[in-house]
Structure formats: structure tokens, C-alpha cells
Asks: 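This is the structure I want to talk about, given as C-alpha cells.
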Amino acid sequence: MQSRIERSVNTCVFTLRDETLHVLPSGGLWWPDQQSLIVADLHLGKSKRIARRGGGLLPPYEGLDTLFRLDADITATGAARVVCLGDSFDDDAAQRALGSAEQELLSRLQKQCDWVWVTGNHDPGVGGLSGTVLSDMRLGSLTLRHIAEAGTDGELSGHYHPKARLTLRGKTISRPCCLVDQSRAILPAYGTYTGGLDWRDKAFNGLFEAQAMAILTGQRPCRVPYRGGEISASSHV
Amino acid sequence: MNGFVMSQLPDSFARWFASRGWSIHPHQQQMLDRADAPALLLIAPTGGGKTLAGFLPSLVDLADGTHQGMHTLYVSPLKALAADIRRNLTAPVTEMGLPIRIEDRTGDTSYTQKRRQRADPPHILLTTPESLALMLSYEDAPRIFAGLKRIAVDEIHALAESKRGDQLMLALSRLQSLVPGLRRVGLSATVEDPDAIAGFLARHPDPCPVLYADPGPEPDISMLIAAAPPPWAGGGGRYAIPEVLEQVRQHRTTLIFHNTRAQAEIFFHELWLQNEDALPIGIHHGSLSREQRAKTEAAMVAGQLRAIVCTGSLDLGIDWGDVDLVIQVGAPKNVKRLVQRIGRANHRYNAPSKALLVPANRFEVVECVAALEAVKARDLDGDPRGPGPRDVLCQHLLICAASAPFDADSLYTEVTTAGPYRALSRADFDACLDFVATGGYALRAYDRWQRLVERDGLWQLRDPRSATRIRQNIGTIMDTDLLKVRMRGRGGTPLGEIEEGFAATLSPGDTFLIGGQIVRYEGLREMVVEVSRRADKPPKIATFMGTKFATSTQLSHRILRMFQQDDWPELPPATRDWLHLQRRASKLPEPDRLLVESFPWIGRHHTCIYGFAGRNAMQTLGLLVTARMEAGGLDPLGFVATDYATLIWGLEPVAEPGALFAGDNLRETFETWLSGNAVMKRTFKQAAVITGLIERQTQGQRKSGKQATFSSDILYDTLLKYDPDHLLMDITREEALKGLVDFGRIEEMLARTSGRIDHVITDRPTPLAAPLFLEAGRIPVEGAATDRLLADEAERLMSGTGLEMSAEDQRRWRVPF
């Protein structure tokens with residue numbers, strides 16, 4: 001089945017438990033068979049949360065920027081369903097304090113497709129918004145949840161914000177990435193104001209088998225081998 | 001004298017001077033006579049008893065023991081200098097039996113000591129601009145500084161060139177409001193424009209008279225002629241090592257200055273390879289660990305070293321005593337700095353300083369001769385710094401708010417008494433206040449969460465707890481992108497720091513030079529670079545942070561004028577012949593014309609532009625001109641830039657160079673190019689930290705990983721997209737233009753030559769262009785290269801793993817839409 005995305009956008013394809021999945025340049029995941037767009041860690045409301053806690057007053061445009069990107073991905077893929085894999089809001093107060101422009105855009109997007117909020121550690125109780133709220137969900141042959149669970153087979157998750165670092169001919173390239181092996185994929189963070197956790201971090205220990213790969217986001221998503229979480233001396237932060 | 005009453009030196013002081021066999025210098029007496037002046041600037045050469053001159057009025061005033069609380073603040077740019085001065089000042093105070101308590105307070109002072117100093121301030125407190133700003137942020141600042149009479153700013157010529165100085169002058173404006181009778185004294189080395197420094201120090205609109213100490217005898221300065229002629233290109237001065245060693249042998253102590261840390265490292269390494277007598281020679285630069293530097297300094301003070309290879313880290317302050325020769329390797333780039341460096345030799349007043357210049361290549365021979373003439377003519381250079389930067393003002397507003405609520409009108413008035421901010425408009429002040437209070441965004445998103453709020457006409461912190469964060473982020477020095485280097489193993493010796501970007505290019509087994517030794521990169525552990533001594537490969541060169549100095553405008557003009565001579569008897573034969581050859585083959589560049597040469601070479605078309613605008617500007621010019629060539633279908637492939645020229649190569653010849661420099665939209669091209677440039681992002685990060693938008697990252701935070709924090713580049717991209725006219729973007733542009741990009745000098749060059757272009761076409765490289773082929777730092781012109789590079793690499797990495805891409809996958813690679 002060919003969707004229009006494959007004609008207009010560079011994607012990188014992988015299979016997980018016989019499901020065919022496309023990593024988009026933005027870091028979202030397009031699942032043609034389920035007509036679903038899956039995104040992790042939007043962290044909407046981040047700048048306001050930082051301000052509320054007495055930190056710097058960051059440019060308050062990241063929520064709109066994230067939603068504009070989501071809008072473009074929904075349009076490009078023609079998705080019928082959007083699944084947000086948790087930490088969609090930076091905290092519960094952030095959800096209530098969403099700006100009016102963000103609210104309008106979000107409700108327009110929610111009218112276009114079915115919407116599932118998987119809850120995360122930052123937003124355990126998404127409420128007051130339309131869409132289905134679940135702590136985890138089953139889709140096709142896969143389980144979708146916020147934080148990966150060791151020992152599960154066929155799982156999509158977010159939470160860690162994986163980021164790859166490569167040194168190529170003296171030039172360091174650092175990109176959010178999707179980490180994939182035979183049993184799971186961990187998605188990069190989709191939100192604008194999100195940092196990354198180095199792919200060599202010990203947090204990834206034990207989650208990936210030896211023959212894993214990382215799919216780097218960017219105009220042309222591309223894959224490189226990933227030796228799951230085991231510290232390799234040649235690559236470092 | 002000059003209508004001032006000659007102040008009598010108290011007996012205890014006179015006796016002390018006499019017991020030493022010293023007499024008071026005229027400028028020290030004058031400082032005493034004019035102790036009541038609201039502001040005074042002393043210009044004195046190194047070794048002129050400048051520091052004592054600055055303190056004498058305070059010591060005399062404090063001699064009777066009646067003063068309560070703090071009397072004098074002394075501010076220096078170096079922590080080490082504050083400690084050094086405390087030792088040097090304590091000696092006479094103890095010997096004269098004066099009831100004066102002297103303490104220093106810097107980032108290294110212990111917490112208990114700092115607390116005690118706040119509760120019971122010493123008579124004389126020696127500190128740095130950052131520690132002073134921190135003290136002013138405390139709620140009890142008025143009490144700490146009650147009774148303060150004088151402030152002395154040492155090495156003000158160095159501070160006046162940086163944001164640290166701007167911050168200090170804002171602190172002075174605050175102090176002056178707390179203690180209106182405060183008197184200011186500035187102590188400066190020889191500078192080109194003393195009035196500018198006086199204007200920097202003065203409490204505006206009050207004047208700040210300048211006192212000149214006797215400049216002492218003319219320095220004994222010349223060029224070191226080595227047996228081997230200097231190479232055609234490059235830096236480092238390795239060819240002259242035998243002669244340099246001979247000079248070290250003939251003198252007691254020699255300082256060997258280099259323009260960059262990397263060059264100092266290489267030179268030091270080579271020096272030791274040829275140091276057959278094993279003369280004790282050390283190395284000192286800002287990237288070495290504090291322990292390493294302290295060791296070298298101690299050995300120096302103890303008279304154990306015959307020479308130190310160093311960089312600007314030894315430009316300031318600390319008295320080395322016995323230095324009798326300064327060698328400057330590489331063209332000095334800037335006459336003022338040369339004069340100040342020469343002053344490091346012979347700290348005894350009225351003895352001539354002895355210095356030798358070692359040009360690193362043939363072109364630098366010309367530059368060194370021009371610099372020698374400038375020194376002789378006492379023609380110093382320097383560019384006016386322009387108004388005080390607004391990011392520093394933003395930080396000052398936060399510091400004031402952390403201390404106490406303020407009234408915007410009175411704070412504006414107060415700020416404009418500071419030299420760098422005397423022309424600050426109310427609108428600019430209000431924009432800064434709006435930024436720190438509300439974020440200043442076009443989208444007003446923070447009404448409930450403002451950082452500062454106005455209550456009863458006074459601006460104050462919305463949440464008083466944020467004062468702690470403000471205090472943690474005080475300062476304008478950026479040092480976050482460095483990684484510590486250590487010997488591997490438990491408790492391994494710290495060696496120094498390297499740039500994170502350089503560390504990222506290292507693989508285990510690679511070697512580099514640090515502290516004069518070749519070390520082998522073993523790996524990175526908890527953000528510390530671990531190395532061993534198992535070095536078996538030739539070293540990569542560490543690219544240290546630190547400014548690449550560009551040849552000053554004045555010195556460049558002097559060189560252009562020299563080129564107009566019929567002959568150059570003052571130059572060594574090799575260089576003299578070279579210039580004659582250039583005149584025959586093409587022509588020599590002229591001050592009011594732009595020389596452009598075009599010639600083929602190994603299958604490529606080359607164009608050389610003699611802009612004489614300094615390395616940074618010539619590099620920017622290379623980027624701009626190649627962008628225009630790209631647009632004009634000339635297919636440029638790359639370029640290389642030096643202080644005097646840019647050499648570009650490409651597939652098509654340049655027929656009409658005039659179009660490449662047409663000024664009308666050059667600035668526009670430039671700004672479009674600049675907005676996506678890494679220089680802008682780096683500058684933005686600095687402004688964001690200084691203004692308090694983002695917080696300084698400590699080493700500990702970086703160790704804990706970066707999941708929670710995100711790069712300031714994201715903030716830059718976001719603002720560029722949604723709020724490009726925001727204050728911070730404006731500050732970033734302003735700063736970037738001044739710094740590495742140096743666009744001002746391109747404009748100066750265009751104005752100077754105003755379209756008068758001489759295009760010389762030859763069939764081979766000209767003598768003046770030839771050395772550029774040997775220059776390092778060639779910059780390829782890239783298009784969408786990063787993605788292509790990544791795609792190639794991904795393919796290479798994937799092949800050979802069990803995860804080969806199928807033909808199906810390959811098909812999905814498409815050009816970006």
C-alpha cells in the first residue's frame with residue numbers, strides 16, 4: 001500500500017514484528033497499515049513551566065512550532081489516527097495553561113483524526129481534552145507505551161529522547177534518532193524544546209540486542225548500526 | 001605643582017621609603033596630591049610603581065586607625081593578581097606598623113571567609129569584577145559598602161576591552177549611588193587613547209583627568225635575524241629555534257610570547273628537541289590546568305627557569321622580577337599589545353626593556369618592520385569599542401533587582417553615569433527592562449509569570465527565590481565548552497583543557513600536544529578526557545579556544561604604505577627581492593585601490609584579493625565572495641584567508657571582479673548568510689547566558705546527561721522563525737558583527753578602495769600570492785554537504801554489519817523536497 005508520503009518525503013523504513021514503519025524527517029513514525037502517525041514527548045507548555053518555576057523566560061513559541069510540525073506531518077501522511085506516546089504536556093498545569101493559539105490549532109487537528117493520549121511520567125492524567133486517554137495501547141501486533149519495559153516483544157515507546165552522535169571526518173553530527181532492534185523501537189522526542197539523551201547512555205543498557213540500529217532524523221533520515229547501550233570507546237558525548 | 005597642594009608624606013611612610021633607599025616617584029606624589037579628585041587615570045609603564053601609586057592615598061588615609069568598615073576596593077582582572085597584590089601590600093603595611101586589614105575575595109575564597117567579610121568587611125578588599133557584582137546583588141549591599149571612600153581599578157586598559165569592564169563600570173555606578181563620595185582611580189598600561197579609558201572610568205558627566213608617569217627610556221627592540229630565512233607561509237617560527245636558544249643562553253630570564261596556544265605548544269615541543277644544554281624552560285598558557293600554571297609560576301618566581309614559552313596569559317600583572325628579554329614569535333598583529341608585552345621585560349623603572357621580534361614567515365618580516373617603526377613613532381593602534389553591550393545591561397538589571405526593588409527612572413539615570421552606557425537611550429534601557437521582566441516577546445505569554453514585576457512604582461523579583469539563580473549566573477566570561485584533560489588512572493594528573501569540538505574529533509590512539517608533552521587519547525570518562533603517555537604517532541594539534549588575533553587596521557595601513565616605497569633597504573634581502581619580483585610580475589597593493597589577481601594553477605582558476613582587512617574579515621570576505629560566485633555560476637571550490645589576502649579557487653575564471661564587491665546588497669547577502677551561521681548561534685548562546693535567559697551549565701550538570709536540557713541553538717532557530725526582531729536577536733547580530741565576523745573592516749576596505757579595482761591577469765601564481773598556497777585552514781565551499789556526507793557514511797557503516805540496506809531501501813533515498 002502506497003500512501004502519498006512515500007512520493008513526497010524521504011522516509012526510512014524498518015519492520016518490527018512484521019509491521020512496516022516509516023521514520024519521518026521530523027522524528028514522527030508513520031504506520032501505513034494502521035493509517036497512524038505516532039509521536040513521542042511533545043512536551044507542550046515547556047517554556048511556561050520553566051517560567052513558573054522561576055527560570056528564564058524562553059521564547060514562548062515552541063508549542064506552536066511543535067503543533068505546526070505535527071499539522072504538516074498529518075497533512076503529508078493523511079493520517080486517520082494520531083497517537084501521542086506520553087509526556088505530551090510538560091506537566092498537568094501546562095495542559096491547563098495552553099495558549100489560545102495552541103488550543104485552537106490542537107482542537108482543529110483533533111477534529112481531523114482519531115486521537116490517543118498515552119500517559120507519561122510528566123502527564124500522568126491527561127484530562128479535559130478530547131481524545132482517548134490510555135496508559136498503554138495495543139495496535140496491530142505492537143504495544144505502545146511511554147517507557148520501554150525490558151523483556152517485552154513488539155513495543156513502541158518514547159521517554160528517553162535518544163540522540164545519536166557521530167564524528168565524520170572531523171565533523172560531529174548530532175541528531176535525535178529512533179533506536180530499533182527486533183523487539184522494540186524507542187522514538188526520538190518530537191517537541192521543539194526537548195534535549196536528547198546520548199545513545200551510549202547506560203539508561204539504554206539491556207534494552208537492545210547487539211544487532212540494533214539507529215535511524216537519524218533530518219531531511220534524509222538514515223540508519224547506522226547501534227551497539228545498544230554498550231559503551232564504545234570511539235564514540236562519546 | 002599645577003595648583004595642587006603638595007601633600008606631605010606621613011613620617012612613618014617617609015621613614016619606610018628611606019629605609020628601603022627609595023624615593024617617592026613623581027607620579028606617586030601626584031596621586032597623593034590629587035587624592036580628592038572624583039576620578040583619576042594613571043598611565044604608567046610596567047614597573048613604574050603603579051600599584052603603590054594607586055594605594056598610597058588609601059594607606060595614608062587609613063594610617064590613623066579611625067576608619068570604620070571598608071575603605072578601599074581594588075579590582076583587578078585576575079584572581080591571581082588580587083592575591084599577589086595582597087601579599088605585596090601586606091609587607092609594607094606590616095613593616096610600617098599600620099592598623100590596616102587587607103583581604104582578597106575571589107571565586108577561590110572559601111565560603112566561611114566570604115561570610116565573615118560580609119559581616120565585617122576589611123579596610124582594603126581586593127577583588128574581581130565578578131565578585132564585586134555578586135556582592136552588589138546581596139540585600140545587605142548598602143551595609144557592606146557603607147563608609148567606602150575609594151575604588152582602584154587595576155589593568156583598566158585590559159578591562160576596557162571586554163564585557164567584564166562594562167559590567168564593572170555598571171557596578172561602579174551602583175556603588176556611587178550607595179556611597180556618593182566614592183573616588184575612582186584607574187591604573188593603566190600605555191594605551192593609544194588615554195582619553196577613551198578616562199571616559200570609560202569617569203562618573204558621567206564629571207571629568208576624569210589623566211596623569212602620565214614618565215614613560216621611561218625607549219625600548220631596545222629589533223628583529224631577530226636567523227641563519228635560515230623564514231619560510232614562505234605558516235606560523236610558529238620553528239626555523240629560528242637555534243637563535244632563540246642562543247638568546248635564552250645569553251639572558252637571565254626570557255619570556256617567549258606566541259599569538260596562539262597551539263603555536264606555543266608546538267614551539268615548546270620543538271625547542272626541547274633542540275635544547276642540548278637542557279636549559280630549564282617552562283610553558284604557560286590559559287588552557288593548562290591551574291596546577292600546571294601554578295607550578296610554572298612558582299618555578300619562575302624562585303628563579304629556576306631560564307625561559308617561559310607563553311601566550312597572552314602572561315600579558316597582565318604578576319611581577320616576574322628578573323625578566324630581561326622578551327621574544328615575540330610571529331608578527332605582533334597589534335602595536336599596542338606589542339608595547340605592553342615589551343614592558344614585561346625589566347620591571348625595574350628607568351631601565352630600557354629589551355625585546356626581539358621573530359617573524360614566522362616572509363610576509364611577517366614586512367609586518368614586523370612596520371610594527372618596529374610604529375613602536376618607534378609611539379603610534380599605537382586600537383579600535384574604539386563602541387557603546388556598552390546590552391546583554392551586560394540586562395544582567396545588571398537582574399543584579400539590581402536581586403539586591404533591592406528599584407525605580408526605573410532613577411536606575412536609568414544611574415546607568416547613564418557609567419562610561420560605556422553614557423549614550424544609552426531611554427528606549428534601549430526600557431527594552432532591556434522589558435526583556436528581563438516579561439521576556440519582551442511579540443507574543444505576550446508570561447503575564448502571570450514575569451521575572452520582575454512593578455509594585456508601587458518599584459521593579460522587583462516576582463519570586464524572591466529567583467535571586468539565588470541570578471547570583472549563580474553572574475559574570476560575562478564563557479568557559480563552558482571546554483573539557484578537562486587528565487592522565488589516565490586513579491588520581492591522574494590534571495593537564496589542562498581542550499575544546500569539546502576538538503575532543504570530538506579524537507579517536508583512541510590519536511595523539512596531541514598539551515603542556516609540551518605528546519599524549520595519547522584513551523577515552524572520555526565522565527566528561528574528562530583521559531590520556532596516557534603511550535604516544536607513538538605524530539601529534540594532532542590541539543585547537544585551543546582563544547581569539548585569533550587579526551592584524552590591526554593601523555598596522556595594515558602602515559604595511560600598504562611601505563609597499564609604495566621604491567626600494568626596501570630596511571628589509572632582509574630575501575624579503576626585499578620578493579617584493580621587487582612581485583612589482584615586476586604584477587604590482588604591489590596600494591592603500592586606496594583593491595588589487596585582484598587571477599591566474600590558472602593545476603587545472604583550477606584562482607583569484608587572489610588583497611584586502612588587508614585582517615584575518616577574520618578576510619575570511620568573511622571569502623565566504624561572501626564565494627557565495628556570489630556560486631550564484632553567478634563560477635563554481636567556486638574553496639578559499640583560504642590570511643591577514644592580508646583571500647585566495648579563491650574554482651572551475652570558472654573570474655572575468656569581472658567588480659561585480660563581486662558591488663556594495664549595494666553586499667550587506668544584505670551578508671545578513672542572510674549570517675543568520676544561518678554557526679558564529680551567530682555561538683554568539684546567541686553567550687548573549688542568552690549573560691542576559692540570564694538560560695543558565696550556565698556547570699561541569700556537574702553536563703555529567704548528568706542532557707536529556708532535560710536542550711541546546712540554545714533551538715532557541716535561536718525558534719526566535720529566528722517567530723520573533724526575528726526580538727531584542728536578543730538584535731544583540732546577537734550586533735555582537736557577531738564586532739567579533740569573529742568583523743564585517744566593519746570589510747566595509748572599511750570597500751570605503752577605502754571605493755570601486756577602484758586593479759585586476760591583474762597572469763599565467764601563473766604571482767610572488768605575493770604564492771605563499772597562500774601553503775597556508776593551512778583551507779575552507780571548502782559546501783552546499784547540502786552534511787546530508788551527503790552522512791548518507792555516504794551511513795552506507796559505509798551499514799555495509800559489513802548484518803543489517804545491509806535492501807535495494808528496496810536504497811530506492812527511498814530522494815532529494816529533499
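In the text below, chain A, chain B and the rest are named by the order of the sequence lines, each starting its count at 1.
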Asks: Which donor-acceptor pairs under 3.5 Å do side chains of residues 686-693 of chain B form with protein atoms, sequence neighbours excluded?
Replies:
from, atom 1, to, atom 2, distance (Å)
B/T691, OG1, B/A687, O, 2.8
B/T691, OG1, B/A688, O, 3.3

Asks: Measure B/R444 against the heavy atoms of chain A and call it side chain, backbone, both or neither at under 4.5 Å.
Replies: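 Interface part for B/R444: neither.
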
Asks: Using a cut-off of under 4.5 Å for heavy-atom pairs, which of A/L57, A/L64, A/T192 has the most such pairs with chain B?
Replies: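 It is A/L57.
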
Asks: Is B/A467 in contact with chain A via its backbone, its side chain, both, or neither, using a 4.5 Å heavy-atom distance?
Replies: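 Neither the backbone nor the side chain of B/A467 comes within 4.5 Å of chain A.
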
Asks: Select one option (side chain, backbone, both, neither) describing which atoms of B/L443 are under 4.5 Å from chain A's heavy atoms.
Replies: both

Asks: Suppose we screen for salt bridge (charged side-chain N to carboxylate O under 4.0 Å, His left out). Which residues come up paired with A/D65, at least two apart in sequence or across chains?
Replies: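 Listed in chain order: A/R69, B/K721.
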
Asks: Return the option, out of A/P60, A/S47, A/G56, A/A51, with the maximum number of heavy-atom pairs under 4.5 Å with chain B.
Replies: A/P60

Asks: Looking at B/D463, B/L461, B/T718, B/L719, which one has more heavy-atom pairs under 4.5 Å with chain A than the rest?
Replies: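 Maximum pair count with chain A is reached by B/T718.
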
Asks: Short question: side chain of B/Y446, backbone of A/L58 - any donor-acceptor pair under 3.5 Å?
Replies: yes

Asks: Could you check whether the rings of A/Y61 and B/Y441 sit parallel, tilted or perpendicular, using 30° and 60° as the cut-offs?
Replies: perpendicular

Asks: At a 4.5 Å cut-off on heavy atoms, which part of B/R469 comes close to chain A: side chain, backbone, both, or neither?
Replies: side chain

Asks: Just verifying a value: how many Å separate B/W449 CH2 and A/R49 CZ, rounded to the nearest 0.5 Å?
Replies: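 Here the rounded value is 12.5 Å.
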
